[in-house]
Protein chains: 2
Amino acid sequence: MDEIIEIKEEIQPEHKHHSTEKDILEAAKRVFQIKGMYGARMQEIADEAGINKAMLHYYFRSKDKLFDAVFQDAAKNFFSKIRELLNVDKPLLEKIEYFVENYVELLMKNSFIPAFIITEVHQNPDRIKNVFLESGVNIEMQFISDIKTAISLGIIHPVDPKQLIINIIGLCVFPVAAKPIIKTMLSFGDEEYLKFLESRKKEVSKFIINAIKVH
Amino acid sequence: MDEIIEIKEEIQPEHKHHSTEKDILEAAKRVFQIKGMYGARMQEIADEAGINKAMLHYYFRSKDKLFDAVFQDAAKNFFSKIRELLNVDKPLLEKIEYFVENYVELLMKNSFIPAFIITEVHQNPDRIKNVFLESGVNIEMQFISDIKTAISLGIIHPVDPKQLIINIIGLCVFPVAAKPIIKTMLSFGDEEYLKFLESRKKEVSKFIINAIKVH
DNA sequence: GTCTATATAGGGATAGAC
DNA sequence: GTCTATCCCTATATAGAC
């Protein structure tokens, strides 16, 4: 009998009738993304969720498991969004424009994610592996072949597709990941910084296309 | 007599005849840069330095002060190097080439610094302020005026100088800051990743110059 | 200056009532 | 499922001998 019950619990989601689990995840997300795995306190997450500390353990057993739930979720969204935006059916140059505009927009709405992921993967490189294991292999295969095609058609200059992908992603992500540094370096207030990012939606794709397009 | 000795110690660097302080800083640097402020353990730093835990407090009073010494040192080197490379006396396009080549080289030799700084500034934005307060104001003024001049001479297309600076720095820093992510995404082993960075010394400056140069 | 031993607090985790 | 109270370990920090 015990075994049957166990199977049932594995098939159906646990705690399905309550939003507490979701509340905890949202609270944990807010705290972990700023303070990180080691800087975050279970007490602060409980306060943020408006519940008791013991509940965190009831739902997620340990801090590490709770963190992992938050991290996996954030990272999977982050990378599946890249794949999604790179897989729209457009010619290469339009696709780059489309990607930059939408990805910068997404990053502006989730501005803590890049630094959060960089931090946690830097401190524990193994964490990234599970993310890619589940979300399928070689996410940028389609985009790489787009680039190769455009090169052979003489639309863009010859370029290592992997270098180009990293250039594109880096140009979008870096200014968000390094937000407080850039604000200080360039003497930006909050509004100026936001305008700066907003401009990048157009500026970065112009920059990239200028760099690779055959005129 | 006691007072005279005290004054002497304040004028000259403390603990001058021993390398212990330096040993501690080096050990702390290694540990903090990977584990971060909250993940690092004083015991581990002591082990790494080959001394006793109590010595850390003797020399630096607290974990926070020790961390701050490490962070300030790392950050100041990091940013003063940017300024130094951007202030060589060369025409803009050559200067960009020179910057990219040397900065990527430096980053390859100090590959933990970018993620370390991004992490700690993300978790505690105030830390970055002291860095810029001491190392002078507006580090990129010269470079910004170089860009404006090149635009007015018709050498490069009109572009927001601040956007261009962030593009240049981002293209160098991002692939190092996101090292484990990129290795996983692009299925790179250690050697492939190093070759990838090595190529960027030339590829990135070609990319940037293509993007901005008037042909 | 360097060590051993210890104080003290903080935080993750659990027990158990309801 | 949710709470209170508490356990217990770990980590920073200090005291004090040498």
Side-chain angles (χ1 to χ4, degrees), chain A residues 5-6 8-10 12-71 120 123-124 127, chain B residues 2 5-6 8-71 120 123-124 127:
Chain A
I5 291 171
E6 276 185 33
K8 207 172 150 197
E9 284 180 341
E10 283 182 19
Q12 305 219 355
E14 293 163 14
H15 323 292
K16 49 191 163 174
H17 292 305
H18 292 79
S19 67
T20 310
E21 185 171 349
K22 196 143 194 153
D23 291 345
I24 293 173
L25 277 172
E26 304 261 326
K29 188 176 164 181
R30 287 193 291 276
V31 176
F32 277 134
Q33 283 183 1
I34 296 175
K35 306 266 179 101
M37 166 67 190
Y38 302 110
R41 296 287 162 252
M42 294 296 266
Q43 184 61 58
E44 189 178 354
I45 294 171
D47 294 346
E48 187 81 16
I51 54 153
N52 194 278
K53 207 172 49 159
M55 294 300 291
L56 301 179
H57 290 92
Y58 176 77
Y59 277 91
F60 291 92
R61 301 253 333 142
S62 70
K63 183 183 184 182
D64 197 70
K65 284 191 171 58
L66 174 56
F67 177 85
D68 215 57
V70 168
F71 178 80
E120 303 300 336
Q123 291 176 4
N124 188 350
R127 286 199 203 276
Chain B
D2 273 9
I5 290 172
E6 275 185 32
K8 210 173 149 195
E9 283 178 343
E10 282 182 20
I11 293 174
Q12 305 219 353
E14 292 163 14
H15 323 293
K16 49 188 164 172
H17 293 304
H18 294 78
S19 65
T20 310
E21 185 171 351
K22 196 142 196 157
D23 291 346
I24 292 173
L25 278 172
E26 304 261 324
K29 187 175 165 181
R30 288 192 291 276
V31 176
F32 278 133
Q33 283 182 0
I34 296 175
K35 307 265 179 101
M37 166 67 190
Y38 301 109
R41 294 291 162 249
M42 294 295 265
Q43 184 61 59
E44 191 180 351
I45 295 171
D47 293 346
E48 186 81 16
I51 52 151
N52 193 278
K53 209 172 45 162
M55 294 300 291
L56 301 179
H57 290 91
Y58 177 77
Y59 278 90
F60 291 90
R61 301 269 320 155
S62 71
K63 184 184 183 182
D64 196 72
K65 285 192 170 59
L66 174 56
F67 177 84
D68 214 58
V70 168
F71 178 80
E120 302 301 337
Q123 292 176 5
N124 187 351
R127 284 198 203 278

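Chain naming here is simple, since letters A, B, ... match the order of the sequence lines and numbering starts at 1 in each. From a predicted model like this one, the values you see are computed outputs, not experimental measurements.
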Point to revise | Donor-acceptor contact present, side-chain A:Lys65 to main-chain A:Tyr59, <3.5 Å | key: no
Check your understanding: If every non-hydrogen atom of A:Ser62 is compared with every non-hydrogen atom of A:Met42, which pair is closest and at what distance?
Key -> C-CE, 4.4 Å
Check your understanding: How long is the line joining CG of A:Asn52 and C1' of D:dT4, in whole Å?
Key -> 7 Å
Review point. What residues, two or more places apart in sequence or in another chain, satisfy salt bridge (Lys or Arg N to Asp or Glu O under 4.0 Å) together with A:Lys35?
Key: A:Glu44
Review point. Got a sec? Which of residues 60-70 of chain B come in under 4.0 Å of DNA chain C, heavy atoms?
Key: none
Exercise for review: Quickly work out the A:Lys53 NZ to D:dC8 C1' distance and round it to whole Å.
Suggested key: 12 Å
Exercise for review: Answer yes or no: does atom NZ of B:Lys29 have more than 12 heavy-atom neighbours from other residues, nucleotides or ligands under 6.0 Å?
Suggested key: no
Check your understanding: OP1 or OP2 of C:dT2 less than 4.0 angstrom from a side-chain nitrogen or oxygen of B:Tyr59, does that happen here?
Key -> yes
Point to revise | DNA chain D-proximal residues of residues 27-46 of chain B, any heavy atom under 4.0 Å | key: B:Ala40, B:Arg41, B:Met42
Point to revise | Pairwise side-chain contact, A:Leu56 with A:Ile45, heavy-atom cut-off 4.5 Å (strictly under) | key: yes
Exercise for review: Consider the side chain of B:Ala54, meaning its heavy atoms from C-beta on, and name the nucleotide among D:dA15, D:dT2, D:dT4 that approaches it most closely.
Suggested key: D:dA15
Check your understanding: Got a donor-acceptor contact below 3.5 angstrom from the A:Lys63 side chain to the A:Met37 backbone?
Key -> yes
Practice item. Would you check, one step at a time, whether the test side-chain hydrogen bond (donor to acceptor under 3.5 Å, both in side chains) holds for A:Glu120 with A:Asn124? Key: CA-CA 6 Å; A:Glu120 303 300 336; A:Asn124 188 350; over 6 Å; no
Review point. If you take all heavy atoms of B:Ala69 and B:Leu25, which pair is closest and at what distance?
Key: CB-CD2, 3.9 Å
Exercise for review: Determine, stepwise, if the pair B:Asp64 / B:Arg127 fulfils salt bridge (Lys or Arg N to Asp or Glu O under 4.0 Å).
Suggested key: CA-CA 12 Å; B:Asp64 196 72; B:Arg127 284 198 203 278; 3.8 Å; yes
Exercise for review: Take the protein atom CE of A:Met55 and the nucleotide atom C1' of C:dA17, then report the distance between them rounded to whole Å.
Suggested key: 15 Å
Review point. Roughly how many Å is it from CD in A:Glu21 to P in D:dT2, rounded to a whole number?
Key: 11 Å
Practice item. Round to a whole Å and report the spacing from CG of A:Leu56 to C1' of D:dT2. Key: 12 Å
Exercise for review: Name the closest nucleotide to the B:His57 side chain, picking from C:dG1, D:dT14, D:dT4.
Suggested key: D:dT14
